[in-house]
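Down below is the structure, laid out as structure tokens.
This structure is a prediction, so every number in the text was calculated from the model and none was measured. Letters go in sequence order (proteins before strands), and every chain restarts at 1. Note that these values count all heavy atoms, side chains included, but never hydrogens, waters or copies made by symmetry.
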There are 2 protein chains.
Amino acid sequence: MKRQVTIKDIAVKLGLSTSTISRALKDHPDISPKTRTAVKELAALLGYRPNRIALNLRNNSTRTIGLIIPEIEHYFFSAIINGMEEVAYKNDYSVMVFQSNESYKREVINTQAVLTNRVDGVLVSFSKETKDFSHFQKLIDNEIPVVFFDRVIDALQADQVVADDYHGAFMAVNHLVERGCKRIAHFAAPQHLAIGKGRLSGYHDALLKHNIHFDQSLVVLADTFESARKAAHEILRRPDYPTGFFAVNDMSAIAIVKEAKQLGLKVPDDIRVVGFENSKLAAISEPELSTVDQFGFELGREACLMLLKRLKSSEREDPFVPIKKVIKTRLIVRASS
Amino acid sequence: MKRQVTIKDIAVKLGLSTSTISRALKDHPDISPKTRTAVKELAALLGYRPNRIALNLRNNSTRTIGLIIPEIEHYFFSAIINGMEEVAYKNDYSVMVFQSNESYKREVINTQAVLTNRVDGVLVSFSKETKDFSHFQKLIDNEIPVVFFDRVIDALQADQVVADDYHGAFMAVNHLVERGCKRIAHFAAPQHLAIGKGRLSGYHDALLKHNIHFDQSLVVLADTFESARKAAHEILRRPDYPTGFFAVNDMSAIAIVKEAKQLGLKVPDDIRVVGFENSKLAAISEPELSTVDQFGFELGREACLMLLKRLKSSEREDPFVPIKKVIKTRLIVRASS
DNA sequence: ATTGTTTTCGCAATCGGTTGAAATTTATGC
DNA sequence: GCATAAATTTCAACCGATTGCGAAAACAAT
């Protein structure tokens, strides 16, 4: 790589010291107007750019945020990244992305990577596999601000940003009941994830409100297209199949719709389906999918803003009080229900 | 932030010099086995991690790759990022993501950002708005290796990785003809993009092969869901509407299908549609969409590998010979055609 | 001309690690 | 026991920028 222009180059050419150049460039009052303009002109001419690495070393800060995320190839997460990058950009931070690919092992390595890269703070949504959180604790022990989003854990002393899973689920199921569904299935996420728990309990309480018996056999673990399709196939072939379906995400909901059509069932005439996420898929599928919008972009924004706030008030006060921010969700009623 | 353990801390505790610590940690032969193990043990005990920033400064390298991309929230691009991150990860590089959001202005700022962040190399897919490429030329002038992917430009002396747009388009249109379509429309991307040109000319030549007249009125600019839907609406209401549609991407194809259904046309009975991308959407839509797989993951992999190769042979030989790698595409025939 | 102020600028240390060369310690040979 | 070689370790400069403090230069006042 070509050697970049340094402050020294300017200093030599002008017969000045590097200190003077440095101060001139940042309008230090000690520098006379003549030399200041001379310096600035030459700097511009040479295309000088301060070496961020040197500044990083001196300031012990990289203006970089580490992002550990299960997988980018998922509409919800890419929307979140979008929101984060937006906030980071506006605050002159850069974002380093590390995918865990839903692998615990990889995630542990990712936490080491953010450490060696000396990021100023970390945004995390952990993998489905993750049951042990000591690698994140290590970040916190190193006093690196960490904000968890979407997939969060209360056991760690860290900020959280989540969608209002409970209320979203409640609205969705309530809506299904109001549309006449008596038996409503829930395609759930793993219960060790907060989103899994929150959405299930929203589902549960909405049933309760309408005095509908909670039937454990109508709750199945199915948060991917394949697993949901398989589960839908089974459940829809029962003689007493449910007429309402609340899925933990859009992919899962679309699998239900697809399988129903396959089995000759009409949506929304025979069964009604509501998803969760409001991805592009939801608006495009046939029939258009009712869903709960969880505002990924806003969630990303908020998570990043929260992290930046922690970075500003860098001194970790004792005791550290974690903040939990809940992003409102909204029910979007479309043709599938 | 808590002060990290430095080499100096270890040196003081062991009554040695920093040089010795440094050498001991990297198994320099000059260091005696005793001190080496002592150093390593203490380092492990203290949880010492070398300060990457200091190394960055010394080596004038950050082991970081800048990625400038229109928008993450697009299946194709997220698949590409996935492939890139995979390769970067395996080679101990990190990826910094900068979105242009299809904005030229933002993109220019992004190129400055990768410069100030002193990334070792840059991967670029430019925005639709971009007509002037001098900001990329500046990167090249700074001798920062740049690899363009998907959206590429021949005018710059830089490597390129692209999908085989021409052949993919050719296969798609050829397939439509073989299924009996005589009149085939093309929903195209802007012609200043290589993908727009390549896919159009594949379309053109496939028609030519079958002696089908090229009708300019059947080529419309429509590479988003909305624009495609609108265009489909108009074109399908012509009395002599085409029976075959080749769309420049899946979104566009799905819009066509959707609009056709709306107008009471059956797919694939009345019209046949083929997209380009092979996104998740394609497999999920109704009917399942025939499409050209452009292997985003592999494309990302290859682009990153190419960049890493340039980083290794850092000395930019003169004359610099740009490499253009074409990733094979594959026609996937599903129900929509 | 001398002293006192101001203005303007340079020295040198610092951030954390690396590395060529010099210095010190230890081992070897006679 | 002493010279020499070999094995260890330290010194000091360096990467690029910042900054407290001291110094030189310019100017004013006596």
A/L16 has an atom CG; how far is it from atom C1' of C/dC11, in whole Å?
14 Å
Compare side-chain N and O positions of B/S17 against OP1 and OP2 of D/dT10 and report whether any pair is under 4.0 Å apart.
yes
Starting at atom CZ of B/R36, determine the distance to atom C1' of D/dT8, rounded to an integer number of angstrom.
12 Å
Nucleotide of D/dT18, D/dT19, C/dG17 approaching B/N51 most closely (side-chain heavy atoms)
C/dG17
Options C/dC11, D/dA17, C/dT19, nucleotide nearest the side-chain atoms of A/A54
D/dA17
D/dT18 C1' sits how many Å from A/D27 CG, rounded?
15 Å
How many Å lie between CZ on A/R23 and C1' on C/dT7, as a whole number?
13 Å
Return yes if the base of C/dC9 and the side-chain atoms of A/D30 contain a donor-acceptor N/O pair under 3.5 Å, otherwise no.
yes
Please tell me whether B/D132 and B/S134 have a donor and an acceptor in their side chains that are separated by less than 3.5 angstrom.
yes
Choose from D/dT10, C/dG17, C/dG10 the nucleotide whose nearest atom is closest to any side-chain atom of B/L55.
C/dG17
Give a yes-or-no answer on whether the side chains of A/N82 and B/Q99 include a donor-acceptor pair shorter than 3.5 Å.
yes
OP1 or OP2 of D/dT10 less than 4.0 angstrom from a side-chain nitrogen or oxygen of B/T20, does that happen here?
yes
In whole Å, what is the span from the CG atom of B/N59 to the P atom of D/dC15?
13 Å
Check whether any side-chain N or O of B/S22 sits under 4.0 Å from OP1 or OP2 of C/dT18, and answer yes or no.
yes
Nearest to the B/T6 side chain among C/dG16, C/dG20, D/dT8, which nucleotide is it?
C/dG16
Rounded to whole Å, please give me the gap between CD1 in B/I21 and C1' in C/dT19.
15 Å
Between atom CD1 in B/I7 and atom P in C/dC15, what is the gap in whole Å?
14 Å
Interatomic distance where CZ belongs to B/R49 and C1' belongs to C/dG17 [whole Å]:
16 Å
OP1 or OP2 of D/dA17 versus the side-chain N and O atoms of A/K8: is any pair under 4.0 Å?
no
Do B/S127 and B/T130 have side-chain atoms, one donor and one acceptor, less than 3.5 Å apart?
yes
Can you find a side chain N or O atom of B/K34 that sits less than 4.0 Å from OP1 or OP2 on D/dT8?
no
Measuring to OP1 and OP2 of C/dG16, would you say a side-chain N or O of B/Y48 lies under 4.0 angstrom away?
no
For the residue pair B/A163 and B/L299, what are the closest heavy atoms and their distance?
N-CD1, 3.7 Å
5′-ward residue of the pair B/I31/B/T18 relative to DNA chain D:
B/I31
Starting the side chain at C-beta, find the nucleotide from D/dT18, D/dT8, C/dA12 nearest to A/K26.
D/dT18
Looking at the side chain of A/T35, which of D/dA12, C/dC9, C/dT14 is the nearest nucleotide?
C/dC9
Side-chain donor-acceptor contact under 3.5 Å, B/S32 with B/T35
yes
On DNA chain D, more 5' by nearest nucleotide between B/S32 and B/L57 is B/S32
Hey, does A/N117 have a side-chain heavy atom less than 4.5 Å from the side chain of A/T62?
no
